[in-house]
Amino acid sequence: MTVSKRKFKAEVNQILDLMIHSLYSHKEIFLRELISNASDAIDKARYLALTDTNVNPGGDEWQIELIPDEAAGTLTVRDNGIGLTLDEAAESLGTIAHSGTKEFLKLLESREVKDNPELIGQFGVGFYSAFMVADQVVVVSRRAGAPAEQAVRWKSQADGSYTIEEVTKEGRGTDVILHLKEETKQYLKEWELRNVVKQYSDFIEYPVVMEVTRSKPDPDNEEKQVETTELETLNSRKAIWLKDKSEITEEEYHEFYKHISHDYTAPARTIHYKAEGTTEFSALLYLPKQRPFNIYYQDYKVGPTLYVRRVQIMDHCEAMLPPYLRFVKGVVESADLPLNVSREILQDNKIVNVIKKSITKKVLDTLAEMKKNEPDAYIEFYGEFGRVLKEGVHHDFERKEAIAELLLFETTKTEPGKKISLADYVARMPAEQKEIYYMTGPDRATAESSPYLEVFKEKGVEVILATDDIDDLIISQLGPYQEKEFQSAIKGDLDLGDTQKEEKQKEYGDLLALMQEQLKEQVSAVRVSGRLKDSAVCLVAGEHDLDPQMAKMFRAMGQEVPQGQRSLEVNPGHPLIAKMQELFAADAKSERLKEYVELLYDQALLLEGDRPRDPVAFARSLSKLMAETTEN
Ligand code: ADP
């Protein structure tokens, strides 16, 4: 038969043009693509061979072979799969007809890729990626079951056309022969091929083999070296996530965890399951024991490694895992996604969303189960990752109830280091307690010694110690828990059922009004406190104001935070207030009274961990009053 010359379809030229002229990085992915095609071709042949003895009459082992030829400057990727007829070759290797093409072409047209062509490297770029490294590609293929003389040779230099002819080929399957460009000759080197296979195709089910020549001591003469050439398998072929759970030992699970996480501590939990139904996938996920040092960094990589039909597509598929579960490591394999899938496409893909939902639920369910059945292990896990997990209350509205059940806190009644859940707290609430109380602070000791907790201590009311920087934000977004509202110990008016509060408010009404007038620049109200026992005064933020702890965090991040409307609360049981009432009764305009009010306000600032407005004036005023007291 004669050689026939044919033109490529327009979109093929478009893709080839990009491959050749714009893609500079990650050229090595051509090998991933060709090995993946070979593996698909074997899949098909293997399937046919189940019912047709003509497909693999010799019962050969299915395999993919890499044949580097230094002299010819060619790298051949050979498979013994299904092969192509002449018509199939013309059809498959001259057009683009696979799923994802439309998105791919759209992306090619986009500004983003035009400015930044490397972006398409993230795509599986299929057979045509061969032209990234080769200036000529020859495909010689023989369809399974076809006679030797009905094989096909396809040849192109990516110049807008290809030639196709009938030839004779000995075995079944396809040879893709790459005439490597001068600058990509490294793909003839054993170590380079080894590395690329290891990196991208390690878990391909079929052996990827290559002839390797080594010098070994001659068995007949120890002094002499002889060269031996053997076929060596380059990939480990262990797709452990596709195996049945019962076939995998604990050790194998851990080995694989090490491989993907580079964490040498055994994981806290392994989650391995297959989802069946409209979307099918396998997931092998791990909950680590130890927090990686960079988990709070912006560039921390989120998401499992994504495999499509045993080909690694990307090592972190962030579209598959919400960031608050970013501690989860693992692999997800789906046969429903196209190989040439990009991050952009994944962001809004139905299948990906189904998988994300499923693994999110699975992880949260596993944590709930762990909390119930292995509380100690859970507390340990929570110590490492609780701060990350609770971000979910803010980011995952749908699941905030489920996450709320996973939260743990120390309280004023737990031993340091021991934590209880919100459910435990509510179960311990006495009948007359209406709200869930919490106190924020940078650490337990600071939170606990705060004057804001005085009355809680006196009345024996348990208060949650919320010591993570984001706790106030999280708690205010939780909404009521088991129909109980959360009440901050340092915000809003507090009423622990003190009947005297109102009476006192009346009794000191005029004095409080005078103080309010004097401090009107600083506070929006001066009132009798429901929270103080030993201290004379404290400052209280409004119910809806930012918690001081949060405000501090934002300020540290360089953001401006308005002070909000604060109130000064006065302890009616404190002797100082009684003394001021006396002064007020004797002379409402007394200078000393004025000075007391200023000092009290500065004291309240001190109690908050802040500085007095004018430390020098404060110290002077205090010394003066002390001296006067001694005189008396
Ligand atoms: P995809 O593999 O995503 O369909 P490619 O551009 O990589 O896209 O390949 C196009 C087509 O060429 C494949 O669908 C297949 O029919 C055929 N093909 C490629 N490589 C082989 C091979 N090694 N053996 C048999 N057919 C192949």
Side-chain angles (χ1 to χ4, degrees), residues 6 8-9 11-16 18-19 23 29-49 55-56 62-67 75-105 108 120-134 137-146 150-156 158 162 164 169 171-178 200-201 204-206 208 307-313 334-342 345:
R6 304 182 187 181
F8 281 129
K9 288 264 164 59
E11 71 269 14
V12 175
N13 282 324
Q14 201 184 345
I15 285 189
L16 284 173
L18 244 138
M19 291 294 174
L23 276 185
I29 61 165
F30 79 93
L31 194 58
R32 170 185 85 177
E33 299 298 320
L34 296 184
I35 289 176
S36 167
N37 281 349
S39 167
D40 286 350
I42 296 176
D43 278 341
K44 285 180 201 153
R46 191 170 63 161
Y47 180 72
L48 280 186
V55 172
N56 186 9
W62 304 107
Q63 71 176 27
I64 300 159
E65 185 174 356
L66 305 184
I67 310 163
L75 172 67
T76 299
V77 180
R78 169 174 292 169
D79 68 65
N80 54 5
I82 188 74
L84 294 162
T85 64
L86 188 136
D87 288 344
E88 284 168 342
E91 177 61 31
S92 307
L93 309 179
T95 57
I96 298 174
H98 55 79
S99 55
T101 307
K102 254 171 62 194
E103 289 94 332
F104 184 75
L105 289 173
L108 288 188
I120 81 158
Q122 322 161 347
F123 276 77
V125 276
F127 168 74
Y128 302 105
S129 65
F131 288 100
M132 291 199 293
V133 295
V137 177
V138 180
V139 178
V140 181
S141 189
R142 177 176 153 197
R143 173 81 197 198
Q150 281 178 26
V152 56
R153 176 154 64 211
W154 179 102
K155 195 157 49 169
S156 178
Y162 61 92
I164 194 161
K169 180 179 185 291
R172 171 197 67 241
T174 304
D175 287 0
V176 179
I177 305 151
L178 310 173
Y200 294 105
S201 313
I204 288 282
E205 194 179 350
Y206 309 107
V208 177
Y307 277 81
V308 173
R309 280 167 269 148
R310 261 154 277 133
V311 180
Q312 181 178 323
I313 303 300
S334 156
D336 297 338
L337 288 167
L339 263 173
N340 56 341
V341 75
S342 73
I345 290 171

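Just so it is clear, the model here is predicted, and its values are computed rather than measured. As the structure lists them, so they are numbered: ligands from 1, and atoms in each ligand from 1.
- For the side chain to side chain contact (heavy atoms under 4.5 Å, CB included) test with K169, the passing option among V152, T174, V140 is V140; the others fail.
- Every atom of ligand 1 is numbered from 1 in the order shown, and the set under 4.0 Å from a heavy atom of L93 is 12 (O).
- The shortest N or O to N or O distance between D40 and ligand 1 is not under 3.5 Å.
- Some N or O of D79 is nearer than 3.5 Å to an N or O of ligand 1, by distance alone.
- In terms of polar-atom proximity, F127 is counted as a contact of ligand 1, with an N or O under 3.5 Å from an N or O of the ligand.
- Of the listed residues (N37, L34, V12), the one carrying the non-hydrogen atom nearest atom 21 (C) of ligand 1 is N37.
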Could you walk me through whether F30 and L178 pass the side-chain contact (heavy atoms from CB on, under 4.5 Å) test, one step at a time?
-> CA-CA 10 Å; F30 79 93; L178 310 173; 3.4 Å; yes
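- Remark: aromatic rings of W62 and Y206 are distant, center separation not under 6.0 Å.
- Of all heavy-atom pairs spanning N80 and R172, the tightest one is O-NE, 2.8 Å.
- The heavy-atom pair separating E88 from R143 by the smallest distance is OE2-NH1, 3.1 Å.
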